[in-house]
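Written out below as structure tokens is the structure these notes cover.
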Amino acid sequence: MRKILQRKFYNRSTLKVAKELLGKYLVVHKNGEKLSGKIVETEAYIGLNDPASHAHRGMTERNKVMFGNPGYAYVYLTYGMYHCLNFVTERNGYPAAVLIRALEPEQGIETMKQRRKTEIMEELTNGPGKLCLAMGIDRALYGADLCSEAIYVEDRGESIGKIVSTNRIGVEKGKEKKWRFYIKESGFVSRK
DNA sequence: TATTGGATCGCC
DNA sequence: GCGATCCAATAG
């Protein structure tokens, strides 16, 4: 069984979406090549009252896609150098998203090695900036429809074992929230 | 208008 | 532990 996640999947509680994305496959078509990887680590950023969220202080030019319909990509540049990929969740008007933090590479591994300048499999996509570089994701995908050919998520019905829930990485404000999720057995998580 | 602090990463 | 380097929130 192999089905592409539809918009209704994203139009739900962000914590549910963040957990259920684990074990599913992110697919990106770029320059005629298909790249894919299993999602093994995610983080949730939810609503106006989450101090760690970009949407915390209201809508800006950068974060406006978070306020729109679910099932679209929110891509931003962080620390001036790296991109981060998020999936917008919940109803129109409520700002929330899931940050994709790590993948287990599947298709397009040679391209990923070139872009990441390393041969080490575990280093290709074990972090939000790393996976965007490996997959060729940049702001050209800002606002991209996750139910389109360019980028989507596939459910292959794989079982994933234990999910670990911890505090989010790199956030000071809102650090007490345990909104980071990863597959316990995966060797491709950004840090344990 | 200037300063500061990030949802990061790789090298020192 | 620090520098690279952009964005946007804050202070002035």
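Note that the structure is predicted; figures quoted are calculated from it, not measured. Proteins come first, then strands; the chains are lettered A, B, ... in the order of their sequence lines, and each starts at number 1.
The separation between A/Arg57 atom CZ and C/dA8 atom C1' is 10 Å, rounded to whole Å.
Remark: A/Arg2 fails to qualify as a cation-pi partner of A/Tyr25 under the 6.0 Å distance and 45° angle criteria applied to the six-membered ring.
Across all strands shown, A/Arg180 has no heavy atoms under 4.0 Å from either base or sugar-phosphate atoms.
Pairing partner, C/dC7: B/dG5, with both Watson-Crick or wobble hydrogen-bond distances short of 3.5 Å.
Of the N and O atoms on the side chains of A/Ser190 and A/Glu41, at least one donor lies less than 3.5 Å from an acceptor on the other residue.
The only member of A/Met112, A/Arg116, A/Arg101, A/Lys38 that meets side chain to side chain contact (heavy atoms under 4.5 Å, CB included) when paired with A/Thr125 is A/Met112. Screening A/Asn86, A/Thr89, A/Ile151, A/Asp145 for a side chain to side chain contact (heavy atoms under 4.5 Å, CB included) with A/Tyr72, the sole residue that qualifies is A/Asp145.
Taking the charged nitrogens against the carboxylate oxygens, A/Glu185 and A/Lys162 have no contact shorter than 4.0 Å, which rules out a salt bridge.
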Using a 4.0 Å heavy-atom cut-off, write out nucleotides 4-12 of chain B from 5' to 3' as B (base contacted by protein), S (sugar-phosphate only) or - (no contact). --BBBSS--

